[in-house]
Amino acid sequence: MNNHIPEACIVLFGATGDLAHRKLYPALFQLYQKQKLNEKFAVIGVGRKEFSHEKFQEDVKLSISKEKNIQNDKVDEFISHFYFLQMDVTNEKSYQDLKGLADELDSKYSLGGNRMYYLAMAPQFFGTIPSFLKSEGLTETEGWQRLVIEKPFGHDLQSATELNEQLQKSFPEESIYRIDHYLGKEMVQNIQVIRFGNAIFESIWNNKYISSVQITSSETLGVEDRASYYEKSGAILDMLQNHMLQMAMMVAMEPPGGLDPKLIRDEKVKVLRALRFYNEDEVAKNVIRGQYKEGTMNGKTVPAYVDEENVDPASKTDTFVAARVFIDNFRWAGVPFYLRTGKRMATKATEIVVQFKNGPMALYHEHDDHYQPNLLRIHIQPDEGLSLSLNAKPQGDFPALLPINMSYCNNCHNELNSPEAYEKLMHDCLLGNSTYFTRWDEVALSWEFIDGITNAWRNGNVPLYKYSSGTMGPLEAEELLNEDGYTWWPPTNLRTDLRTDRDEK
């Protein structure tokens, strides 16, 4: 891994798709204007449409023009590095045209044979494209070759294993970058620093002082135009199998021996190996699945999931999952991790709440209804930051208590310059830094855990609970925590907290 400004030919499959326009082109432009890409780069957009290079460049220009903080004088120079190739990715002859263009651009921009292949495509092509890249000689250059793959990586352990075996015939594991955009989010990456860079936290980051951990990722939107995908995945495959388990690993991992990507990912894998796997009866006791029904949001009635376009009226697809999981190792034995994700919920937020145990005598809580445990909240989105909830004495009679929050917001005052997850991850890939990409053994273990849950669902042992749109999920998810003496902490808004603090001043 190095930190020089990389030179590379980026071959983007799916160049006319939504992901490329919304995320990838703006991310590359931000890298360019921040001088994290120099003039030695080229992008080949691959798609089925018949585009000229000029038409493709105008499309790229349009996508980045919608972004904030654009240096207009750099746009034309940036898009001049973009080229388009119409391809049928299932036709081996098309790859000869790609090889010819890539070799030409390699010479024109002095790229040293470095190639990054980004598959922003439908999953059925994930195995096909790398096979042709290998067989048609595109990977035989003097530089490095890297393959970037979006989720979903398979739909269960068997399909993921088959895909991985196919990929590794063309690319070695160290050249495969399985992207999880949650790992590019500023505060997810910051979890390591919060823990290992602050002795005050790392010294109490264990089952002696922590009573529970909650991880919530809630969306206010419904399925929108993703019904054809969502009907096959549901919340458990769309969110829990990847994003939610990744955040749990970041919270629970042991300190790595250094900042080398291998050492960090080794510790993440150990968390999954310590994860308690459930049989069918245990799934029914520890996992709640739900589906949104009609409700009111922002004063408007929104339809039930089964009434959405392209959704089977008899669909049993989960749009909500809450799970109680345990990590059976020395640090976390007995500490429940509660994972919750869903659509059409009351609040859009992704947040980690670490709840600390009460003191041995808890002298004050009997006297005041406001007493609450100490909480460390790590705010992932839409706010980026952290807050620590403490108890203090207000002015007046003792022993009344007043909960106070110490808050830091990372993006409240610097939002324009806050890098997107894709910007950071694409830069990491160009540099060869695989720290925040998922390794195959992580993928395999997460699928093994999830397969145990989905198999129980298929066997009919776990009911599908309905919840009204605009709520935080079914009542049964609250009861899951009540069994252990806990309740879900509602997501908080750092901007509101900070504004209130300033107003009071």
Side-chain angles (χ1 to χ4, degrees), residues 8-25 28 41-63 79 81-109 111 113-141 143 145-155 159-160 162-171 175-179 225-226 228-229 232 310 422 426 429:
C9 179
I10 301 168
V11 182
L12 179 56
F13 292 89
T16 59
D18 182 62
L19 176 64
H21 281 90
R22 285 191 305 108
K23 297 293 185 182
L24 304 185
Y25 300 142
L28 284 171
F41 83 97
V43 177
I44 300 175
V46 174
R48 290 177 296 181
K49 296 181 180 178
E50 189 174 348
F51 270 18
S52 64
H53 296 324
E54 293 74 21
K55 174 66 170 71
F56 179 48
Q57 290 170 3
E58 285 302 312
D59 264 23
V60 174
K61 187 174 185 177
L62 180 63
S63 79
I79 66 173
H81 291 254
F82 283 69
Y83 302 81
F84 191 81
L85 184 66
Q86 183 182 19
M87 269 186 71
D88 173 2
V89 297
T90 63
N91 182 348
E92 64 183 66
K93 293 181 180 178
S94 298
Y95 290 84
Q96 290 304 314
D97 296 332
L98 178 59
K99 185 177 188 301
L101 180 56
D103 289 344
E104 177 187 333
L105 296 177
D106 186 51
S107 176
K108 179 177 179 179
Y109 293 101
L111 303 179
N114 297 328
R115 306 256 171 96
M116 182 172 91
Y117 300 99
Y118 198 120
L119 306 191
M121 298 280 287
Q124 63 261 35
F125 300 113
F126 286 177
T128 304
I129 293 172
S131 296
F132 279 127
L133 292 174
K134 175 74 172 179
S135 66
E136 301 310 306
L138 278 95
T139 60
E140 297 173 8
T141 69
Q145 313 288 315
R146 293 175 190 140
L147 181 71
V148 184
I149 299 186
E150 286 280 340
K151 74 178 184 72
F153 195 90
H155 57 268
S159 62
E162 291 170 357
L163 172 59
N164 192 63
E165 290 173 350
Q166 190 173 4
L167 291 180
Q168 295 206 344
K169 292 176 182 177
S170 306
F171 288 83
S175 297
I176 301 173
Y177 287 67
R178 301 171 190 85
I179 201 164
D225 57 357
R226 300 176 68 215
S228 57
Y229 161 73
K232 300 174 184 176
N310 297 323
Y422 277 97
M426 291 187 79
C429 183

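When reading the values below, keep in mind they use all heavy atoms of this one structure, side chains included, and skip hydrogens, waters and symmetry mates.
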Output for pair (M121 CE, T128 OG1), nearest 0.5 Å, gives 9.0 Å
Closest heavy-atom pair, A20 versus G14, reported as atoms and distance to 0.1 Å, is CB-O, 3.8 Å
Can any side-chain N or O of R146 pair as donor or acceptor with the backbone N or O of C429 at less than 3.5 Å? yes
One should read off an interatomic distance between E58 CD and I79 CD1, to the nearest 0.5 angstrom, of 5.5 Å
Could you go through the side-chain contact (heavy atoms from CB on, under 4.5 Å) check for F51 and D59 one step at a time? CA-CA 10 Å; F51 270 18; D59 264 23; 3.4 Å; yes
>> The test is side-chain contact (heavy atoms from CB on, under 4.5 Å); show your working for I129 and L147 and say whether it passes.
In response: CA-CA 10 Å; I129 293 172; L147 181 71; 5.8 Å; no
Result for side-chain contact (heavy atoms from CB on, under 4.5 Å) between V46 and one of F84, F13, Y117 points to F13
- Query: Got a donor-acceptor contact below 3.5 angstrom from the E136 side chain to the Q96 backbone?
  - Reply: no
Rounding to 0.5 Å, atoms CZ (F132) and CG (L138) come to a distance of 12.0 Å
Answer yes or no: does atom CZ of R22 have more than 12 heavy-atom neighbours from other residues, nucleotides or ligands under 6.0 Å? yes
How about CD on Q124, more than 12 heavy atoms from neighbouring residues, nucleotides or ligands closer than 6.0 Å, or not? yes
T90 meets the side chain to side chain donor-acceptor pair (under 3.5 Å) criterion, sequence neighbours left out, with D88
**Prompt:** Would you say S63's side chain and V60's backbone share a donor-acceptor pair under 3.5 angstrom?
**Reply:** yes
**Prompt:** Do the side chains of Q166 and P130 get nearer than 4.5 Å, heavy atoms only?
**Reply:** no
One should read off an interatomic distance between I10 CD1 and L111 CG, to the nearest 0.5 angstrom, of 9.5 Å
**Study point:** Sidechain N-carboxylate O distance under 4.0 Å for K99, D106
**Key:** no
- Could you tell me whether a side-chain N or O of S159 sits under 3.5 Å from a main-chain N or O of H155, the two making a donor and an acceptor? yes
One should read off an interatomic distance between I44 CD1 and M87 CE, to the nearest 0.5 angstrom, of 10.0 Å
Scanning both residues in full, the closest heavy-atom pair of L163 with G154 reads CD2-N, 4.2 Å
Taken to the nearest 0.5 Å, the spacing of F171 CZ from I149 CD1 works out to 9.0 Å
All heavy atoms of A120 vs all of L12, minimum pair found to be CB-CD1, 4.2 Å
Taking every heavy atom of G143 against every heavy atom of N114, the minimum-distance pair comes out as CA-OD1, 3.3 Å
Legend entry - Main-chain N/O of Y118 paired to Y177 side chain as donor or acceptor, under 3.5 Å: no
Q) Is there a side-chain contact between L133 and L98 (heavy atoms, below 4.5 Å)? A) yes
Closest heavy-atom pair, Q168 versus I176, reported as atoms and distance to 0.1 Å, is CG-CD1, 4.1 Å
- Under 3.5 Å, side chain of Y83 to main-chain N/O of F56, donor-acceptor pair present? no
For V89 and F125, the nearest pair of non-hydrogen atoms, with its separation, is CG2-CD2, 3.7 Å
